[in-house]
Amino acid sequence: MKSYLALAALLTLGLPAFAAPPPPERVDLVVRWARVLTVDAEFRVLDDGAVAVRGTKIVAVAPSAEIAKRFRAKRTVDAKGAILMPGLVNGHNHAAMSLLRSGADDRALMDWLTGFIFPAEGKNVSPEFVRVGTLLSCLEMIRSGTTTFADMYYFEEEVAKAVDEAGMRGVLGETVIGFPVPDAATPDKALEYARSFIAKWKGNPRIVPAIAPHAPYTVDPDTFRKIVALSNETGAPILTHVAETKDEEKQIAEKYGKRPTEYLDSLGVLGPRTVAAHCVFLNEADIATFVRSGAGCVHNPESNMKLASGAAPMREMLAANMKLGLGTDGPASNNDLDMFGTMDFAGKLAKLGSGDPRTLPARTTIELATRRGAEVLGLADRIGSLEAGKEADMILVATDTPKGTPMWDPASQVVSVFDGDDVRAVWVAGRLLYDSGRFRTLDERAIRRRAEALRTKIQASLVPKEISK
Ligand SMILES: [Zn+2]
């Protein structure tokens with residue numbers, strides 16, 4: 001009787017324990033019943049998790065039951081048997097070079113560049129070449145779970161249009177180089193192109209225009225200073241190649257009496273907006289310079305292996321807490337754009353290179369390919385992890401497969417077992433770009449047809465010694 005009275009009193013008082021639950025909030029999309037790898041600072045993993053999305057942004061990441069109570073979605077995706085994780089960030093690419101991949105492999109770097117790549121580019125790179133090559137790469141990247149990439153090429157305006165059409169995200173740099181190229185007869189012309197390209201695309205929600213001095217050995221000091229000034233004036237990132245080969249180290253020492261990192265630092269090139277690809281040959285002092293300047297490095301293990309450049313000092317760079325990401329490099333020097341392969345090779349090369357199998361564990365590798373890679377590109381506040389407030393760039397990876405069974409450690413599986421073909425769905429800014437074999441924004445067959453037609457044209461433009469192996 002006593003307890004009944006107590007209950008009646010509570011009911012009369014209308015205490016919150018008995019209040020009706022708040023009505024569910026409306027959202028556009030809920031992906032539920034997934035194993036969610038948030039890749040947040042704690043690397044939180046939810047075994048039965050869900051993500052709620054409104055507009056372009058994530059509004060909640062929580063257990064599926066909690067999301068079901070809190071939200072009512074226009075569209076619900078049941079993702080049982082899949083991993084839901086942030087879209088992958090490819091920190092270094094030359095997307096349009098997909099049209100040249102496998103054209104002349106197994107050559108020494110200088111022979112490959114001067115004997116095939118430079119003549120093929122000189123005779124063929126046009127707005128059409130860049131547009132089609134980039135669209136082809138966008139198909140491949142979306143298909144294999146990459147949602148953001150950094151690019152360095154010519155006619156970067158065409159790259160931006162392709163990325164926009166694909167619905168992807170990009171940090172896109174117009175190349176500046178010290179010899180005549182198809183879109184600029186001089187470095188000053190390239191700077192002019194970069195200036196108007198930056199003005200046109202700045203503020204776009206998915207595209208960050210950038211400026212891309214090719215490398216310390218192909219850009220003169222005066223041009224580097226102008227590039228730094230343009231970056232300071234516009235806030236545009238600087239994308240470049242640094243310390244890729246022993247030969248570069250030798251050339252810069254002979255010309256300027258400095259190491260590549262020292263040389264760039266003396267010109268003011270290294271700063272928080274700078275993204276340096278490769279960094280294979282960094283010593284302790286170089287790493288300290290990177291950390292002090294806030295410049296980021298993108299490690300490209302497959303390209304470094306293919307061109308026999310060397311193994312970047314990953315153990316030392318990680319220990320120094322350098323800003324680090326992962327990239328494929330261009331499709332002609334990898335030769336694919338699958339970031340799952342890049343994660344796998346990064347881990348294995350770091351272990352082999354350091355002689356220590358504890359170097360670059362799986363969770364760290366995934367961080368480099370997502371959250372930390374986003375930080376290198378200046379996008380850490382917007383993408384790179386599944387957290388409320390971030391853009392809904394996310395991918396579903398199928399695990400209901402022989403190689404996905406049994407599941408001891410999802411992070412380890414992602415790095416060393418799964419590959420791009422296991423990706424089942426891809427969203428960028430909440431928009432579905434790919435779903436079980438179907439592209440939602442691009443016409444795959446039409447793009448492949450145009451790419452094949454261009455290959456025939458490129459081949460016809462080359463003399464036999466340029467394509468013979
Ligand atoms: Zn490159």
Side-chain angles (χ1 to χ4, degrees), residues 89-105 107-110 112-114 116-118 120-121 125 130 133-134 137 140-141 146 148-156 159 170-179 181 190 210-219 227 237-249 251 260-261 264 269 274-282 295-312 324-339 341-342 345-346 349 369 373 376-377:
V89 177
N90 184 347
H92 182 60
N93 197 353
H94 314 280
M97 292 181 81
S98 53
L99 294 175
L100 300 176
R101 81 167 120 211
S102 311
D105 286 338
R107 291 186 180 190
L109 174 63
M110 280 304 153
W112 177 73
L113 277 177
T114 57
F116 174 68
I117 294 294
F118 290 159
E121 286 186 333
V125 171
V130 174
T134 305
S137 286
E140 185 185 349
M141 285 188 275
T146 292
T148 296
F149 70 104
D151 192 75
M152 300 169 62
Y153 211 58
Y154 311 106
F155 297 110
E156 204 65 25
V159 178
V171 177
L172 311 176
E174 167 66 12
T175 290
V176 180
I177 197 163
F179 52 83
V181 286
I211 182 160
H214 175 263
Y217 59 95
T218 49
V219 176
I227 287 166
I238 296 175
L239 313 179
T240 189
H241 298 99
V242 180
E244 181 176 359
T245 61
K246 265 277 168 217
D247 190 53
E248 172 183 337
E249 208 175 76
Q251 279 190 49
T261 302
L264 290 177
V269 177
T274 305
V275 181
H278 299 303
C279 302
V280 174
F281 296 98
L282 296 195
C297 156
V298 175
H299 173 49
N300 301 274
E302 290 188 73
S303 168
N304 298 160
M305 290 166 78
K306 184 190 166 187
L307 298 167
S309 304
L324 264 180
L326 294 180
T328 53
D329 204 353
S333 44
N334 185 297
N335 289 354
D336 64 49
L337 298 174
D338 186 341
M339 283 291 290
T342 294
F345 276 111
L349 182 60
V376 171
L377 299 185

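Ligands are counted one by one from 1 in listed order, and the atoms in each one are counted from 1 as well. Values below: every heavy atom of this structure, side chains too, minus hydrogens, waters and symmetry copies.
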Trainee: Count up the protein N, O or S atoms sitting under 2.8 Å from the Zn ion (ligand 1), would you?
Mentor: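 Protein heteroatoms (N, O, S) closer than 2.8 Å to the Zn ion (ligand 1) number 4.
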Trainee: Among Thr134, Asp329, Thr328, Thr175, which residue meets the side chain to side chain donor-acceptor pair (under 3.5 Å) test with His94?
Mentor: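 Checked Thr134, Asp329, Thr328, Thr175 against His94; only one passes side chain to side chain donor-acceptor pair (under 3.5 Å): Asp329.
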Trainee: Quick check on Phe345: does its CZ atom have over 12 non-hydrogen neighbours (other residues, nucleotides or ligands) under 6.0 Å away?
Mentor: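 No, the 6.0 Å shell around CZ holds no more than 12 heavy atoms from other groups.
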Trainee: Mind checking salt bridge (charged side-chain N to carboxylate O under 4.0 Å, His left out) for Glu140 and listing every partner two or more places apart, or none if nothing turns up?
Mentor: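 Salt bridge (charged side-chain N to carboxylate O under 4.0 Å, His left out) list for Glu140, sorted by chain: Arg101.
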Trainee: Can Glu121 and Tyr153 be counted as having a side-chain donor-acceptor contact under 3.5 angstrom?
Mentor: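 Result is yes, a qualifying pair exists.
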Trainee: Between Trp112 and Ile117, is there a donor-acceptor pair closer than 3.5 Å when you use the side chain of the first and the backbone of the second?
Mentor: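 Flag not set: sc Trp112 to bb Ile117 has no pair under 3.5 Å.
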Trainee: Determine the interplanar angle of the His92 and His278 rings, folded into 0 to 90°, and report it as parallel if under 30°, tilted if 30 to 60°, perpendicular if over 60°.
Mentor: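 Taking His278 first and then His92, their aromatic rings stand perpendicular (interplane angle over 60°).
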